[in-house]
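So the structure is just underneath, and the comments pick up after that.
If you're wondering where the values come from, they're calculated on a predicted model, not measured in any experiment.
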Amino acid sequence: MQRRAFGLAVTLATVVAAAGCGSSSSGGGGSDSSSSGGATQVKVGVIPIVDVAPLYLGQKKGFFTKRGIDLKMVTAQGGAAIVPGVVSGQFQFGFSNVTSLMLAQTKGVPIKSVVNGVASNGKIGADVTGVAVKKNSSIKSAKDLVGKKVAVNTLQNIGDTTVRESVRKAGGDPSKVKFVEMPFDQMPAALDGGQVDAAWMAEPALTIARSQGARVVASPFAETDPKLTVATYFTSTKLLKQKPDLVKKFTAAMTESLEYASQHPDEARQILTSYTKISGTVLQKLSLPSWPTDIDMASLQKLASLGEEDGIFGDKKPDLNALFS
């Protein structure tokens with residue numbers, strides 16, 4: 001899994017002016033253009049993780065092609081490349097966790113969510129993220145994380161916010177958890193080696209850690225809200241105004257892709273092999289998220305309130321209706 005899978009570490013003062021600053025595995029480009037077949041080429045900034053499986057599956061099934069979209073995925077390290085890449089027009093749409101989008105909006109970044117991306121599956125102990133500890137650890141529940149060193153992929157984001165909520169619900173003091181920043185793919189080894197007491201991991205790191213004997217003691221997404229909207233696809237407000245028909249077509253194709261992935265989980269799981277190195281036992285055992293077509297606004301309101309409590313957004317509160325509705 002690419003590091004910073006849920007992260008947004010962006011110098012917001014230069015976001016609007018930034019051009020070509022995304023780290024990608026394919027070439028840059030400006031606005032959309034017509035390909036030789038007459039379709040409109042659309043670039044989407046993504047992180048190659050489990051969450052975006054419906055996008056790749058939808059491409060394979062032709063949901064975008066039939067709407068005149070020649071889809072190109074641009075892989076990036078995280079939100080630090082994706083957000084400015086969308087704003088600058090390097091690519092037309094991007095995928096990001098919702099806390100990062102809220103943070104960007106409070107800093108004046110001109111973006112708008114256009115369609116749902118991924119949600120918690122609501123299963124305690126079997127969600128797409130979980131706090132894992134070593135098999136012989138004295139930590140038995142989220143309450144025991146108080147005073148312990150817990151790894152998250154990015155500080156002051158959706159990870160530590162939801163972990164704190166798990167601790168709070170378990171009766172512990174969330175302010176006394178010691179968070180350290182670490183890429184997901186380094187967490188299983190760090191946990192096994194005793195560098196951290198616990199680690200909040202996403203798939204496939206979570207399944208890898210479990211194969212090494214780790215135990216899951218908390219499921220922060222599901223415990224925050226079983227229907228938690230975790231990430232969405234977004235665009236710039238400029239593209240939304242200039243090319244509303246293109247946005248509508250992308251949204252329709254993505255919605256169909258989410259529906260298909262939800263109805264065909266085996267195909268969604270298998271498509272992972274086309275854009276990640278996940279395979280074998282890990283592929284078969286990892287937990288899949290939920291891919292609803294509707295954004296759960298109640299869960300976003302709760303997440304925003306928790307973020308405000310953590311001081312993530314500074315003095316300005318995110319406008320959820322403007323960003324997500």
Side-chain angles (χ1 to χ4, degrees), residues 1-11 14-37 39-65 67-97 100-101 104 109-118 154 183-185 231-240 242-243 246-247 249-251 253-254 257-258 261 271-278:
M1 178 179 290
Q2 297 284 346
R3 61 178 59 185
R4 305 295 193 271
F6 291 98
L8 173 64
V10 59
T11 305
T14 61
V15 162
V16 177
C21 54
S23 171
S24 68
S25 62
S26 58
S31 58
D32 56 288
S33 58
S34 295
S35 64
S36 58
T40 300
Q41 186 178 91
V42 170
K43 295 186 175 70
V44 186
V46 298
I47 310 159
I49 56 177
V50 173
D51 305 35
V52 297
L55 180 68
Y56 286 84
L57 191 55
Q59 180 190 46
K60 180 180 179 181
K61 292 295 178 180
F63 300 153
F64 293 89
T65 302
R67 291 178 172 88
I69 293 176
D70 177 18
L71 196 64
K72 301 294 182 183
M73 269 67 92
V74 182
T75 58
Q77 286 293 95
I82 294 176
V83 172
V86 169
V87 174
S88 69
Q90 181 187 4
F91 27 84
Q92 289 71 52
F93 301 92
F95 177 88
S96 175
N97 85 74
S100 292
L101 295 180
V109 181
I111 54 174
K112 170 78 174 181
S113 174
V114 297
V115 64
N116 201 18
V118 68
T154 304
F184 283 130
D185 58 3
T232 67
Y233 292 89
F234 68 100
T235 191
S236 66
T237 55
K238 180 180 179 180
L239 184 72
L240 188 63
Q242 292 183 343
K243 299 186 177 180
L246 178 62
V247 175
K249 289 177 181 179
F250 176 84
T251 299
M254 195 63 238
S257 299
L258 292 168
I271 200 70
L272 297 174
T273 61
S274 71
Y275 68 94
T276 74
K277 295 180 181 179
I278 303 171

| remark: Distance col, row Phe95:CZ vs Ile49:CD1, nearest 0.5 angstrom, shows 5.0 Å

| What are the two closest non-hydrogen atoms of Thr232 and Ser113, and how far apart are they? | OG1-OG, 3.0 Å

| message | Taking the side chain as everything from C-beta on, heavy atoms only, tell me whether Ile69 gets closer than 4.5 Å to Phe63. | response | no

| task | Take the angle between the ring planes of Phe250 and Tyr233 and call it parallel below 30°, perpendicular above 60°, tilted in between. | result | perpendicular

| task | Would you give the length of the straight line joining atom CD of Gln59 to atom OG of Ser274, rounded to the nearest 0.5 angstrom? | result | 8.5 Å

| query | When rounded to the nearest 0.5 angstrom, what distance separates CG in Asp70 from OG1 in Thr65? | reply | 7.0 Å

| Ala76 to Pro48 - nearest heavy-atom pair and separation | O-CD, 4.3 Å

| field | Non-hydrogen side-chain atoms of Leu57 and Ser257 separated by less than 4.5 Å | value | no

| task | Check Met254 against Asn116 and note the closest heavy-atom contact, atom names and distance. | result | CG-O, 4.5 Å

| Can you list the residues that meet the side chain to side chain donor-acceptor pair (under 3.5 Å) rule with Ser236, with sequence neighbours excluded? | none

| request: Would you give the length of the straight line joining atom CD of Gln92 to atom NZ of Lys43, rounded to the nearest 0.5 angstrom? | output: 6.5 Å

| query | Can you name the nearest heavy-atom pair linking Val247 to Leu239, along with the distance? | reply | CG2-O, 4.3 Å

| said: Is the shortest side-chain heavy-atom distance between Phe91 and Val86 below 4.5 Å? | reply: yes

| query | Listed by chain and number, what are the side chain to side chain donor-acceptor pair (under 3.5 Å) partners of Lys61, not counting sequence neighbours? | reply | Tyr260, Glu267

| Side chains of Val115 and Phe93 in contact at under 4.5 Å (non-hydrogen atoms) | no

| field | Non-hydrogen side-chain atoms of Tyr275 and Val46 separated by less than 4.5 Å | value | no

| message | For the OG1 atom of Thr237 and the CD atom of Gln242, what is their distance to the nearest 0.5 Å? | response | 9.5 Å

| Min side-chain heavy-atom separation Leu71-Leu55 under 4.5 Å | yes

| Does the side chain of Ile47 reach to within under 4.5 Å of the side chain of Ile82, using non-hydrogen atoms? | yes

| remark: Rounding to 0.5 Å, atoms CD1 (Ile271) and CD1 (Ile278) come to a distance of 12.5 Å

